[in-house]
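Here's the structure, in structure tokens; my notes come after.
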2 protein chains.
Amino acid sequence: MTENPTPENQPQNDASERMDIRTIARLANVSIATVSRTINRVPTVNTKMAKRVWDVIEKLDFVPNTQARALVSGRSKLFGLLVSEITNPFFPELIQGFEEIAVENGYEILISSTNHDPKRMSHCIRRMLERKVEGVAIMTFGIEEPLLDQLAKRKVPLVFIDVGPDRPGISVLKVDYHHGIRQAVQHLAALGHRKIAFVSGPMQLHSAQSRLAAYTRSMNECGIVPDPSWIVEGDHTLEGGAAAMEKLLAQENLATAVLCSNDMTAIGVLHKLYRTGKRVPDDISVIGFDDIHIAEVTMPPLTTIQMSRFEIAKAAFDALQSQVESPNALIGKREFNIKTELIVRESTSYPRGTMEHLRKK
Amino acid sequence: MTENPTPENQPQNDASERMDIRTIARLANVSIATVSRTINRVPTVNTKMAKRVWDVIEKLDFVPNTQARALVSGRSKLFGLLVSEITNPFFPELIQGFEEIAVENGYEILISSTNHDPKRMSHCIRRMLERKVEGVAIMTFGIEEPLLDQLAKRKVPLVFIDVGPDRPGISVLKVDYHHGIRQAVQHLAALGHRKIAFVSGPMQLHSAQSRLAAYTRSMNECGIVPDPSWIVEGDHTLEGGAAAMEKLLAQENLATAVLCSNDMTAIGVLHKLYRTGKRVPDDISVIGFDDIHIAEVTMPPLTTIQMSRFEIAKAAFDALQSQVESPNALIGKREFNIKTELIVRESTSYPRGTMEHLRKK
DNA sequence: GCCCTTTGGGAAAGCGTTTTCGTACCGCCA
DNA sequence: TGGCGGTACGAAAACGCTTTCCCAAAGGGC
């Protein structure tokens with residue numbers, strides 16, 4: 001009887017040992033079922049009991065194991081969030097909104113940045129599937145068909161921004177590009193511009209095509225036939241914007257304004273213009289798309305088309321949540337429509353040489 | 001005998017039903033242990049058997065359940081990553097690096113942005129604990145003591161950037177602020193500046209204090225006694241930078257150069273200067289800190305002090321991984337030292353009115 | 001006072017894996 | 001041929017929790 005390490009006569013738990021609801025149950029002198037019920041706030045447990053349980057939980061600083069919980073309940077309370085490029089400020093702003101809403105609703109999120117690499121995207125999705133996400137929001141402006149099929153097969157609720165197939169279990173957030181872009185073109189036209197260039201995103205992306213289409217349509221609505229040389233492909237990056245502007249500058253029929261597919265592109269354009277000694281908006285007007293935070297402090301502050309990150313995040317989350325939590329697919333079938341709106345700052349003005357331009361001086 | 005839904009006589013599995021290694025085992029005519037071993041590439045399994053198992057797995061497109069795996073193995077393969085503000089471009093760049101390394105090593109990461117709110121931070125940590133993260137990288141430039149104790153108690157490996165207690169199980173990435181800041185001050189002094197202002201971060205942050213100390217020390221090394229009015233507190237945001245510059249502009253003893261605690265601040269400063277008609281670097285020189293991507297395309301491009309995000313991400317991950325994977329704490333005790341380095345661009349020049357300034361013209 | 005209903009709580013069966021332990025089988029040497 | 005070591009596989013016990021099922025006790029109506 002020198003040493004007797006049987007668990008029975010060892011009430012002195014020094015915060016060591018492993019901690020689970022069984023331990024709590026023992027210390028509170030209740031069954032593990034009661035502990036579980038208490039933690040999950042099942043109303044049938046007696047207040048007295050509940051207090052006893054909570055006291056022990058707090059004293060031991062017990063944290064339940066989500067994995068075990070997920071395993072048995074079949075609910076991981078995890079959503080995946082896939083973005084194109086986390087270093088593009090548009091996405092962190094979106095992520096922030098999504099995370100906030102998710103946490104409020106008891107979900108955790110797994111974030112991955114695909115960097116436009118389909119293989120990488122495929123890996124991300126695979127990893128998310130392994131973690132048993134209950135749904136994934138794909139905010140990547142482009143996805144390949146086979147991947148999509150693979151996902152659809154698993155019946156994981158999905159939400160896409162802008163593009164995606166119209167199947168049950170899949171929601172698509174439609175973005176009304178045309179509204180904002182028409183406003184931008186009209187704004188430019190009202191200032192007297194006719195030669196309005198467009199720097200697109202990577203053309204394999206559906207969103208890039210939509211934005212280009214909106215530009216073309218808006219130009220036509222203003223009675224302008226765009227010169228093909230005004231349309232140049234960018235890649236949504238700073239560098240791509242600068243390169244695009246360089247091409248534009250080499251054209252004979254030089255545009256007096258340039259509309260960009262996103263703000264990073266616009267900032268690249270602004271920079272190239274600065275480098276070549278052109279003044280914005282005096283020599284040339286520039287409009288961006290997204291309205292990322294730093295667009296307010298470019299020089300000059302950027303006129304841009306806003307697309308609310310928070311609205312997108314909210315819609316995406318709602319779509320996912322309703323698919324997960326309501327068995328009847330009807331509720332999940334809501335149409336989500338994201339609006340876009342022109343924000344006029346100081347990168348747009350009258351084209352050089354027009355009367356308005358002279359009058360302004 | 002009209003309907004007989006007993007599971008026994010239903011060998012026709014149509015990809016419906018639930019899928020687990022048991023199903024795989026049945027279909028491949030092996031035990032579940034063998035399936036598990038095959039998936040985990042345990043070398044003792046016969047090639048023949050392995051192929052049989054893999055064939056079934058591929059045919060059914062089976063994905064193992066990480067939660068169950070984690071539950072029994074005790075390894076969640078999850079790290080937490082806590083950042084101050086995901087909308088500050090410094091962090092997405094860091095996150096990207098961290099994610100990449102983590103994924104390469106079979107880990108997943110849970111990202112949270114605290115937005116400088118201690119309560120929020122506490123919640124984030126709690127959630128991470130519930131998910132049973134194996135370690136957390138705290139890149140928040142500031143943490144409260146009680147929280148830290150709570151964490152330390154759980155024996156979750158931790159890595160801090162810049163500041164944190166020196167305890168076993170906790171690594172701290174030391175940043176050599178002084179090197180870069182001294183270079184910056186010397187660069188300015190060599191150009192002829194003496195009145196060098198400093199816009200700090202929020203002073204409750206240890207990192208802000210360190211940077212300020214490095215500034216003061218560097219000034220002294222250059223034989224300059226900083227005027228207290230040159231030192232103003234910012235908050236690491238665009239708006240904070242602009243506000244700080246406004247204060248600076250109101251001083252009698254106007255500085256000819258301003259050194260900022262991060263790039264967002266510097267961009268705010270640049271913008272305020274632009275708004276008040278001052279020219280950079282002709283009227284005043286500006287230096288940032290971080291070298292975020294857009295610092296290359298500000299107008300003018302920002303001279304700044306680089307702190308490698310990738311290096312930080314790598315060091316943080318390594319610290320965590322070695323703590324988790326090597327039982328002997330010695331390996332985890334490595335010192336991590338992050339270097340800083342001045343990058344000279346175009347936001348710095350001779351102070352107005354000096355001979356060099358005139359000569360340049 | 002008896003029976004039926006309601007309420008609160010316990011026992012135990014999983015959830016999908018890993019892993020330990022045990023066993024069957026094969027080949028080798030004596 | 002008998003014994004032995006080693007290898008490849010299977011059975012079953014966890015992992016920490018939820019949830020169903022069931023039972024005991026209390027309450028209420030006649």
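In the text below, chain A, chain B and the rest are named by the order of the sequence lines, each starting its count at 1. It should be emphasised that the depicted structure is a prediction, and the values quoted were computed from it without experimental measurement.
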Below 4.0 Å from chain B heavy atoms, what is the first contacting nucleotide of DNA chain C and what is the last?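 Under 4.0 Å from chain B, the extent on DNA chain C is C/dC15 to C/dT20.
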List the steps, then state whether salt bridge (charged side-chain N to carboxylate O under 4.0 Å, His left out) holds for A/E134 with A/R75. CA-CA 7 Å; A/E134 295 186 47; A/R75 301 283 318 268; 2.8 Å; yes
Along DNA chain D (nearest heavy atom to each residue), the more 5'-positioned of A/N40 and B/N29: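 Looking at the nearest nucleotide for each, B/N29 comes out on the 5' side.
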Judged by modelled atom types alone, do A/S113 and A/E85 share a side-chain donor-acceptor pair under 3.5 Å?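 Absent: no donor and acceptor within the cut-off.
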Is it the case that A/T23 and A/D20 place a side-chain donor and acceptor less than 3.5 Å from each other?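 Side-chain D/A pair, A/T23 to A/D20: present.
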What's the closest nucleotide to the side chain of B/N46 if the choices are D/dC17, D/dG10, D/dC9?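 Of D/dC17, D/dG10, D/dC9, D/dC9 is nearest to the side chain of B/N46.
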Given B/E108 and A/R127, is the salt bridge (charged side-chain N to carboxylate O under 4.0 Å, His left out) satisfied, shown in steps? CA-CA 8 Å; B/E108 205 65 46; A/R127 279 159 31 218; 2.9 Å; yes
Grab the [atom1]-[atom2] distance between [X] and [N] for me, whole Å please.
X: B/E130; N: D/dG16; atom1: CD; atom2: C1'; value: 14 Å
X: B/R131; N: D/dC17; atom1: CZ; atom2: P; value: 14 Å
X: B/M49; N: D/dT7; atom1: CE; atom2: P; value: 18 Å
X: A/R26; N: D/dG16; atom1: CZ; atom2: P; value: 13 Å
X: B/R37; N: D/dT7; atom1: CZ; atom2: P; value: 14 Å
X: A/I24; N: D/dC17; atom1: CD1; atom2: P; value: 9 Å

Before you tell me yes or no, could you show the steps for A/M128 and A/F79 under side-chain contact (heavy atoms from CB on, under 4.5 Å), namely the whole-Å CA-CA distance, both residues' side-chain angles and the distance that decides it to 0.1 Å? CA-CA 8 Å; A/M128 290 179 174; A/F79 279 151; over 6 Å; no
Using the rule given for side chain to side chain donor-acceptor pair (under 3.5 Å), can you reason through B/Q67 versus A/S76, listing the C-alpha separation, both sets of side-chain angles and the distance that settles it, and then say yes or no? CA-CA 9 Å; B/Q67 325 214 70; A/S76 66; 4.8 Å; no
Give a yes/no answer on whether the side chain of A/S36 brings an N or O atom under 4.0 Å of OP1 or OP2 in D/dT18.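 Checking A/S36 against D/dT18: at least one side-chain N or O falls below 4.0 Å of OP1 or OP2.
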Can you find a pair of side-chain heavy atoms, one from B/N65 and one from A/L71, that are under 4.5 Å apart?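 Yes. Closest side-chain heavy atoms under 4.5 Å.
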Short of 4.0 Å, heavy atom to strand atom, which residues of residues 62-73 of chain A count as contacting DNA chain C?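 Those residues whose heavy atoms fall under 4.0 Å from DNA chain C, taken from residues 62-73 of chain A in numerical order, are A/L71, A/V72.
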Mutual orientation of the aromatic rings belonging to A/F317 and A/F98 [parallel < 30°, tilted 30-60°, perpendicular > 60°]: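 Because their plane-to-plane angle is over 60°, the rings of A/F317 and A/F98 count as perpendicular.
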Taking B/N105 for the side chain and B/I101 for the main chain, is one N or O donor matched with an acceptor at less than 3.5 Å?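 Yes, B/N105 side chain to B/I101 backbone: donor-acceptor pair under 3.5 Å.
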Taking any heavy-atom pair under 4.0 Å as a contact, classify B/V30: base, sugar-phosphate, or nothing.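 Counting heavy atoms under 4.0 Å across all strands, the contact made by B/V30 is with sugar-phosphate only.
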